[in-house]
Amino acid sequence: MKKLLALLTVIAVTALSLCGCEGAYEYAELNLEGEYTRELAGTQLNVYNWGEYISDGSDGMLDVNKEFEKLTGIKVNYATFESNETMYSQIKSGGVSYDIIIPSDYMIQRLIREDLLQKIDTSSLSNYHYISDEYKGLYFDTQEEYTVPYNVGMVGIIYNKTLVEEDIEHSWEVLWDKKYENMALNFNNPRDAFMTAQMILGQDLNTDNKSDWDKAADLLKKGKKNLQSYAMDEVYGKMETGEAAIAPYYAGDYLTMYETNSDLAFFYPEEGTNVFIDSVCIPSGALNYEAAVMYINFLLEPEIALANAEYIGYASPHTAVINNQDYYYYGNEILYPKKEDTPKVQYYHDISPEIRSYYEQLWLDVKLY
Amino acid sequence: MKKKSFGSRIIAAPYIVWAAIFVIVPLIIMAYFALTDANGAFTLANLAGIGKYKKAFAVSILYAVIATIITLLLAYPMAYFMTKMKISSQRMIMLIVMLPMWMNFLIRTYSWITILANTGLINTFLSKIGLKPLQLINTPGAVILGMVYDFIPYMILPIYSVMSKIDKSLLEAAEDLGANGKARLHRVIFPLSLPGVISGITMVFVPSVSTFYISQKLGGNKNLLIGDAIEFLFNNGPDYYNVASALSMVLMVLILISLAVMNRFSDGDEGGVVI
């Protein structure tokens with residue numbers, strides 16, 4: 001009897017503590033511009049997005065998925081990925097069918113080429129006109145058939161002013177600089193890590209010349225000992241605590257880190273950098289196309305796009321956000337640099353399978369070196 | 001060998017089905033991928049191409065051997081002294097050994113970062129008392145430490161369970177026959193505890209040699225182990241499934257060989273706890 005009582009107490013305490021920290025989400029009063037029906041109520045929408053890439057109701061912000069569920073009655077199943085390649089591998093293997101995915105430019109090009117995306121009827125998106133012309137019809141989707149831009153960003157270098165000299169050279173070379181031995185990080189994914197070397201070598205990021213990739217790989221091998229580690233998501237923790245002093249990363253993420261540690265500073269290297277755009281797409285295996293289109297239009301709602309832009313901290317392609325003076329990052333010089341401060345940029349393009357597997361092998365060589 | 005009754009077969013059936021679906025079938029799939037190319041045609045190219053992973057294999061085996069030796073050196077005396085204690089203390093110690101295992105393995109590994117980091121607990125303490133900070137994280141030592149910490153319960157438990165079952169009368173007999181403490185340990189306890197040791201070595205060596213998370217978090221992604229290589233390849237999409245499966249298969253064969261070698265040391269069916 002005593003044991004039973006003890007067990008019940010444990011269950012009760014656990015249950016209480018679970019309820020305690022959940023906290024009820026308070027729905028916002030939204031002023032929506034599009035038309036949303038409840039015709040699809042009860043159906044499911046599978047969304048596959050980057051981690052930390054949607055306003056999720058934390059810190060009193062909007063919970064985009066919950067708001068959409070309340071509005072339409074459609075159940076949103078939300079899953080996240082860490083890299084374009086992981087996402088690709090899921091889509092390609094077809095184990096789960098997603099209705100919405102948000103890949104980057106070069107991966108979209110590859111998905112279209114392999115016939116893994118379906119066309120989106122943009123005329124049925126009443127909010128599509130909010131997308132800035134600058135980001136419409138880019139190289140991977142010149143006819144604006146498959147994608148709706150979601151976020152834009154550039155890569156730069158984050159450094160800690162208390163740990164490195166104030167006049168740090170604004171170059172990718174700092175990652176190779178003996179002065180900063182064991183203080184710098186580099187990307188733990190091949191494309192971005194190669195980019196840092198390719199920029200120093202002045203190469204085209206999408207070169208199909210194998211010897212270019214060889215040279216970049218040699219440079220990476222040479223710099224490996226100088227680095228503290230290769231990291232992706234750990235960059236946040238390492239930079240915020242001062243564990244690492246220098247890290248190449250995405251500009252929007254720098255702004256998030258800066259909120260925690262104001263000793264951090266940022267620059268775009270002189271050699272130029274990579275610019276990327278993540279866009280919303282519908283895979284060809286989607287089971288709920290109608291709901292997916294409604295979801296995309298919902299993401300384009302000025303209020304929703306604003307919440308996402310403020311939560312994520314990346315540059316937005318949404319004109320109603322960029323021009324909103326109440327937007328937290330309104331006129332931010334890192335996200336929206338002036339023309340004369342904008343670095344030379346290159347997009348990643350999808351590379352032929354042969355070259356891709358060539359540089360992926362080279363990356364493995366670098367890691368094994 | 002006794003003939004199994006119909007009843008006992010029925011009882012065993014669910015597990016056999018389980019093993020077939022989740023052990024045998026995956027093995028067949030792995031072998032299929034390892035021996036075919038992207039178009040499904042038979043090839044040995046995947047296996048032939050593993051030469052470039054020599055270093056990763058060598059480093060993985062080296063780290064796993066070192067980690068296994070350290071765990072054994074720590075766990076054996078621990079298990080021995082546990083059996084000497086009062087039953088209540090034994091239970092207490094057992095609880096302490098098991099306690100970390102209630103936490104997720106990833107979190108346990110991650111928490112070492114906060115201890116070993118350049119700005120972590122140890123180095124903060126060292127600089128507080130005026131000593132030079134040490135480079136602890138992102139070193140082979142950190143990776144091996146992670147393996148030892150994560151897998152040591154798997155060494156203590158089998159050794160302890162075998163040792164605690166050693167018949168006390170054997171020790172008394174040895175004492176009566178004039179064996180001193182050292183001789184009893186050396187000639188009675190150690191040989192009888194061998195099945196536990198072998199089982200412990202297996203249970204530490206196998207996960208150590210194939211691990212991938214520990215090396216990424218504590219080794220700064222710079223000391224690539226074979227498990228990391230396999231994980232990287234699988235994450236790069238179906239193009240790499242064949243090579244990754246070939247690597248997995250080779251790793252498995254290497255593990256099986258080392259187990260077979262180990263089994264030679266234990267006396268066949270005595271104890272029967274191997275694997």
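Labels below follow one simple rule: chain letters A, B, ... track the order of the sequence lines, proteins then strands, and each chain is numbered from 1. Model, not experiment: these values are computed from the prediction.
- Contacts between B:Leu233 and chain A at a heavy-atom distance below 4.5 Å involve the side chain alone, from C-beta outward.
- More than 12 heavy-atom neighbours from other residues, nucleotides or ligands sit within 6.0 angstrom of CE on B:Met101.
- Atom CG of B:Asn104 sits in a crowded spot, with more than 12 heavy atoms from other residues, nucleotides or ligands closer than 6.0 Å.
- When every heavy atom of A:Gln228 is checked against every heavy atom of B:Asn138, the shortest pair comes out as O-ND2, 3.2 Å.
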Which is it for B:Ile137 and A:Glu243 under the side chain to side chain contact (heavy atoms under 4.5 Å, CB included) test, yes or no, and what are the steps along the way?
CA-CA 11 Å; B:Ile137 195 92; A:Glu243 174 75 13; 3.8 Å; yes
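- No more than 12 heavy atoms of other residues, nucleotides or ligands shown are found within 6.0 angstrom of CZ on B:Arg91.
- Of the atoms belonging to A:Ser83, not a single heavy atom falls under 4.5 Å from chain B.
- A:Lys225 NZ: 12 or fewer foreign heavy atoms inside a 6.0 Å radius.
- For B:Phe42, the CZ atom is densely surrounded, since the number of other residues' heavy atoms within 6.0 Å is greater than 12.
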Please walk me through it: do B:Tyr53 and A:Leu364 pass side chain to side chain contact (heavy atoms under 4.5 Å, CB included)?
CA-CA 9 Å; B:Tyr53 301 95; A:Leu364 210 56; 3.2 Å; yes
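- Surrounding OH of B:Tyr154 are at most 12 heavy atoms belonging to other residues, nucleotides or ligands under 6.0 Å away.
- One distance of note links CD of B:Gln216 with OH of A:Tyr230; it measures 13.5 Å at 0.5 Å rounding.
- Separating the NZ atom in B:Lys217 from the OG atom in A:Ser229 is a distance of 9.5 Å, to the nearest 0.5 Å.
- For B:Lys52, the parts lying near chain A are the backbone and the side chain together; criterion is any non-hydrogen pair under 4.5 Å.
- Heavy atoms of other residues, nucleotides or ligands lying less than 6.0 angstrom from CD of A:Glu354 number 12 at most.
- For the residue pair A:Asn182 / B:Gln135, a side-chain donor-acceptor distance below 3.5 Å is found, with atom types taken as modelled.
- Atom CD of A:Glu234 sits about 6.5 Å away from atom CG of B:Asn221, to the nearest 0.5 Å.
- No side-chain donor-acceptor contact under 3.5 Å links B:Lys222 to the backbone of A:Leu368.
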Are A:Gln361 and B:Tyr240 close enough, and set up right, to give a side chain to side chain contact (heavy atoms under 4.5 Å, CB included), and what steps lead you there?
CA-CA 10 Å; A:Gln361 288 295 329; B:Tyr240 290 92; 3.7 Å; yes
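- For A:Asn84, no part lies under 4.5 angstrom from a heavy atom of chain B.
- Within the 4.5 angstrom heavy-atom criterion, no atom of A:Glu82 approaches chain B.
- Atom CG of B:Asn235 is separated from atom CE of A:Met87 by 12.5 Å, given to the nearest 0.5 angstrom.
- We find the CD-CG distance between A:Glu360 and B:Asp239 to be 8.0 Å, quoted to the nearest 0.5 Å.
- Contacts between A:Tyr88 and chain B at a heavy-atom distance below 4.5 Å involve the side chain alone, from C-beta outward.
- A 6.0 Å sphere centred on CZ of B:Phe125 holds no more than 12 heavy atoms belonging to other residues, nucleotides or ligands.
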